[in-house]
Amino acid sequence: MTPHLSITDQPIDVAAALAAVQTEAAGAVNSFIGTVRNQSGGRRVRRLHYESYDSMALTQLGHVVAQAYAKWPMLEKVAVVHRKGTLALGDVAVVVAVATPHRAESFAACQFIIDTLKQVVTIWKREEYEDGTEWVAAHP
Amino acid sequence: MTPHLSITDQPIDVAAALAAVQTEAAGAVNSFIGTVRNQSGGRRVRRLHYESYDSMALTQLGHVVAQAYAKWPMLEKVAVVHRKGTLALGDVAVVVAVATPHRAESFAACQFIIDTLKQVVTIWKREEYEDGTEWVAAHP
Amino acid sequence: MALKIALFGITRDIVGQPTLELPAPAPATVGALLDHLRANYPALGQLRSCAVAVNNEYAPADQALGPNDEIALIPPVAGG
Amino acid sequence: MALKIALFGITRDIVGQPTLELPAPAPATVGALLDHLRANYPALGQLRSCAVAVNNEYAPADQALGPNDEIALIPPVAGG
């Protein structure tokens, strides 16, 4: 099944991402929603900026989802939507949704996708605090 | 935080359950949605009937969520909504949503709640096939 | 001492009614109640499990039963 | 052979521009390119990691670079 993958500078429609994976063939839908927290490493966050190298991000996301289909052949449908640009506190930054016939695999596949996305997908996060900004994870 | 727990004979509003757990303090929301599959054990399912012993179901659900808060003290918010009555193929039967500051715990807590719910919450499922009905899991 | 027992799911189908009233002298414990019901409704013995709930909690076999308790038979649950 | 390198995130801040053009003779491999850039922009060496992507794929150090390749520096990603 063609996965629903996108990177957008518009607010993410979570309901649409969930609807994209629902099917009568799969009774289990697991989803992960990442939202902007008001703090990071003890510092108050004011807002976030995500930058994306879109073409590579979508290529790598495709690889991640292909790996998930290989690991969980029962996987029915996958949707991944990542936001870019400037986000306010509470805004949805990413949604991963997967549908499988049985529930344990829905959790495992969804967790694999978000964990691997964070390792390989070319999106960068700059946090803005009261007193400056920082590229997250850039330095050891 | 008071969890949002309910058993309803009306269609489940998934967006409302997700919104109930979102908070600027928790960046990770994991949700599990169980929907009605078109087959079960190789038999074609036409529809489902859920029966609930509501007062006990809510008592037991409260215990399950309390256990989750004890196991994951970082758990911010929880919502569980279970449908009862007659459901068509594709209808949402249950939604579990949890919010935590970090993502691994959101997966673990959500999975614990749905797994434990299925063991102790007093809801019964009768599947309707082309040629009869059966109470699910009643017999060995 | 009389008991009133709520029946759900397949136990209601087996007994053929949504509640069961046992006139005094009724079984005094959860275990005795289950023995009594299984003797009268052998199909209950074929279930994967059959628990007794007292006041919305799962009750152990030695728990005493009183006329004011809300008692229910709990066949295998299948929510989710 | 000239190369054009796209810069993202902190690498763009370090270099001070969104793309970098290296005139011929440019480094012939991914590893040589990284050595060249780290020598010219020492702050790149302080990053947790700095990969090179060629045509949207992570590229190993011995991969050859050509003028038609889409090349990018990839500092530590932080999506999600």
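Given the structure is predicted, the values throughout are model-derived calculations rather than measurements. Lettering of chains follows the sequences in order, A, B, ..., and the numbering in each one begins at 1.
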Specify the closest pair of heavy atoms between [X] and [Y], including all atoms of both residues, with the distance to one decimal.
X        : Y        : result
Val30(C) : Pro60(C) : CB-O, 3.3 Å
Ala32(C) : Pro27(C) : C-CB, 3.6 Å
Gly66(C) : Leu3(C)  : O-CD2, 3.7 Å
Asp62(C) : Thr29(C) : O-CG2, 4.2 Å
Ala97(B) : Val21(B) : O-CG1, 3.5 Å

| query | Checking heavy atoms, do the side chain of Val136(B), its backbone, both or neither come under 4.5 Å from chain C? | reply |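 Answer is both: backbone and side chain atoms of Val136(B) are under 4.5 Å from chain C.
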
| request: Against chain C, label Val120(B) side chain, backbone, both or neither, depending on which of its atoms sit under 4.5 Å from a heavy atom there. | output: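 It is both, since atoms from each part get that close.
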
| query | Is there any residue in residues 72-80 of chain C with a non-hydrogen atom under 4.5 Å from a non-hydrogen atom of chain B, and which ones are they? | reply | Ala72(C), Ile74(C), Pro75(C), Pro76(C), Val77(C), Ala78(C), Gly79(C), Gly80(C)

Which donor-acceptor pairs lie under 3.5 Å between chain C and chain B?
residue: Gly9(C); atom: N; partner: Glu51(B); partner atom: OE1; Å: 3.3
residue: Gly9(C); atom: N; partner: Glu51(B); partner atom: OE2; Å: 3.3
residue: Arg12(C); atom: NH1; partner: Glu51(B); partner atom: OE1; Å: 3.1
residue: Arg12(C); atom: NH1; partner: Glu51(B); partner atom: OE2; Å: 2.5
residue: Arg12(C); atom: NH2; partner: Glu51(B); partner atom: OE1; Å: 3.0
residue: Asp13(C); atom: OD2; partner: Trp135(B); partner atom: NE1; Å: 2.7
residue: Arg48(C); atom: N; partner: Ala138(B); partner atom: O; Å: 2.7
residue: Arg48(C); atom: NE; partner: Ala137(B); partner atom: O; Å: 3.0
residue: Arg48(C); atom: NH2; partner: His139(B); partner atom: O; Å: 3.4
residue: Asn56(C); atom: O; partner: Gln60(B); partner atom: NE2; Å: 2.8
residue: Asn56(C); atom: OD1; partner: Tyr53(B); partner atom: OH; Å: 3.3
residue: Asn56(C); atom: OD1; partner: Ser55(B); partner atom: OG; Å: 2.8
residue: Asn56(C); atom: OD1; partner: Met56(B); partner atom: N; Å: 3.2
residue: Glu57(C); atom: OE1; partner: Gln60(B); partner atom: NE2; Å: 3.1
residue: Glu57(C); atom: OE1; partner: His63(B); partner atom: NE2; Å: 2.9
residue: Glu57(C); atom: OE2; partner: His63(B); partner atom: NE2; Å: 2.8
residue: Tyr58(C); atom: OH; partner: Val120(B); partner atom: O; Å: 2.6
residue: Glu70(C); atom: OE2; partner: Tyr53(B); partner atom: OH; Å: 2.5
residue: Pro75(C); atom: O; partner: Trp124(B); partner atom: NE1; Å: 3.0
residue: Pro76(C); atom: O; partner: Trp124(B); partner atom: NE1; Å: 3.4
residue: Ala78(C); atom: N; partner: Ile123(B); partner atom: O; Å: 2.8
residue: Gly79(C); atom: N; partner: Ile123(B); partner atom: O; Å: 3.3
residue: Gly79(C); atom: O; partner: Lys118(B); partner atom: NZ; Å: 3.4
residue: Gly80(C); atom: N; partner: His82(B); partner atom: NE2; Å: 2.7
residue: Gly80(C); atom: O; partner: Tyr50(B); partner atom: OH; Å: 2.6

| Ile14(C) and Leu47(C): side-chain contact (heavy atoms from CB on, under 4.5 Å), yes or no, with the steps? | CA-CA 11 Å; Ile14(C) 290 171; Leu47(C) 299 179; 4.2 Å; yes

| message | I'd like to check Leu37(C) versus Leu20(C) (side-chain heavy atoms, cut-off strictly below 4.5 Å). Are they in contact? | response |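 A side-chain contact exists here, since the closest heavy-atom pair is under 4.5 Å.
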
| If you measure from CG on Leu65(C) to CD1 on Ile5(C), what distance do you get to the nearest 0.5 Å? |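 Going from CG on Leu65(C) over to CD1 on Ile5(C), the span is 8.0 Å.
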
| Between Ala138(B), Ala93(B), Ala57(B), Gly34(B), which shows the greatest number of heavy-atom pairs under 4.5 Å with chain C? |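 The answer is Ala138(B).
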
| request: Return each pair, listed once, that meets ring pair (Phe, Tyr, Trp, His ring centres under 6.0 Å) where at least one residue sits in residues 12-31 of chain C; pairs must be two or more places apart or across chains. | output: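 For residues 12-31 of chain C, and leaving out neighbouring residues, there are no ring pair (Phe, Tyr, Trp, His ring centres under 6.0 Å) pairs at all.
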
| Which pairs, with at least one residue in residues 60-80 of chain C and sequence neighbours excluded, count as a ring pair (Phe, Tyr, Trp, His ring centres under 6.0 Å)? |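 Passing the test, one end in residues 60-80 of chain C: no pairs.
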
| query | What do the steps show when you test Leu33(C) against Ile71(C) for side-chain contact (heavy atoms from CB on, under 4.5 Å), and what is the final call? | reply | CA-CA 10 Å; Leu33(C) 173 64; Ile71(C) 304 168; 3.9 Å; yes

